[in-house]
Amino acid sequence: MEPKVPYRLFTFDTETTGQGRDTAAVIEVAVKDLKSGDSYSTLVRPEPLRRCEPGAIAVHGITDGVLQQPSAIGLLEAWQQVTHFVKQHTPNGVKPVLVAYNGLYFDFYMLVRGLYKLNIDPSGVTRAPAQLL
């Protein structure tokens, strides 16, 4: 039997311009450390710029005008900030685990797809189902 690796749980969520996995773009990413309660979130400016579908706006309330604000950053910078947050909150020798509601089908797929479109290697991002720890 393999020894269990200590882990740190983080919740992860994205908001998008719509519901289509192959047509929508990520417009917000959020992560929360379940142990400390600390969280990080940021608006993401979709590249290329695309409009939010009315149904998506009804869910998350993020309008096209909000995404034009200077506080909205690119997906690369958002992912770098998320990974920095996770690394800051994960002690040495501990494995960070990101979990998301509907993550297998949507959130991680959207993140990986968006990073690949920017020619970024999304190392460490997996859509594999969680294993029992």
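Everything numeric in this text was worked out from a predicted model, so none of it was measured.
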Restricting to salt bridge (charged side-chain N to carboxylate O under 4.0 Å, His left out), what partner residues turn up for D64, sequence neighbours left out? R51
Report the residues that fulfil side-chain hydrogen bond (donor to acceptor under 3.5 Å, both in side chains) with [X], sequence neighbours left out, ordered by chain and then residue number.
X: R45; value: none
X: D22; value: Y109
X: H84; value: Q88
X: D107; value: T14

Measure the spacing between [atom1] of [X] and [atom2] of [Y] and express it to the nearest 0.5 Å.
X: S36; Y: R8; atom1: OG; atom2: CZ; result: 5.5 Å
X: R21; Y: R113; atom1: CZ; atom2: CZ; result: 9.0 Å
X: D13; Y: L111; atom1: CG; atom2: CG; result: 11.5 Å

Any idea which heavy atoms bring A25 and P46 closest together, and the distance? CB-CB, 3.8 Å
Can you name the closest pair of heavy atoms from V94 and T90 and give their distance? O-CG2, 3.2 Å
Show me the pairs that pass ring pair (Phe, Tyr, Trp, His ring centres under 6.0 Å) and involve residues 10-31, at least two apart or across chains. F12-F108
Does Y40 have any ring-ring contact (aromatic ring centres under 6.0 Å, His included) partners at least two apart in sequence or in another chain, and if so, which? none
Qualifying residues under ring-ring contact (aromatic ring centres under 6.0 Å, His included), relative to F106, sequence neighbours excluded: none
Sequence neighbours excluded and cut-off under 3.5 Å, please list the side-chain donor-acceptor pairs for residues 70-77, or say none.
unit_1	atom_1	unit_2	atom_2	d
E77	OE2	Q81	NE2	3.1

Under the side chain to side chain contact (heavy atoms under 4.5 Å, CB included) test, which residues partner S39, sequence neighbours left out? K32
Identify, with sequence neighbours excluded, every residue that meets side chain to side chain contact (heavy atoms under 4.5 Å, CB included) alongside T23. none
Please assess L98 against V86 for the test side-chain contact (heavy atoms from CB on, under 4.5 Å), listing each intermediate value before the final yes or no. CA-CA 9 Å; L98 273 65; V86 169; 4.2 Å; yes
Between T83 (side chain only) and Q80 (backbone N and O only), is there a donor and an acceptor less than 3.5 Å apart? yes
side-chain contact (heavy atoms from CB on, under 4.5 Å) for T16 and M110? Distances and angles first, verdict last. CA-CA 8 Å; T16 61; M110 294 300 295; 3.9 Å; yes
Other than L43, which residues form its hydrophobic cluster under the rule that side-chain heavy atoms must be closer than 4.5 Å? I27, I62, V66, L67
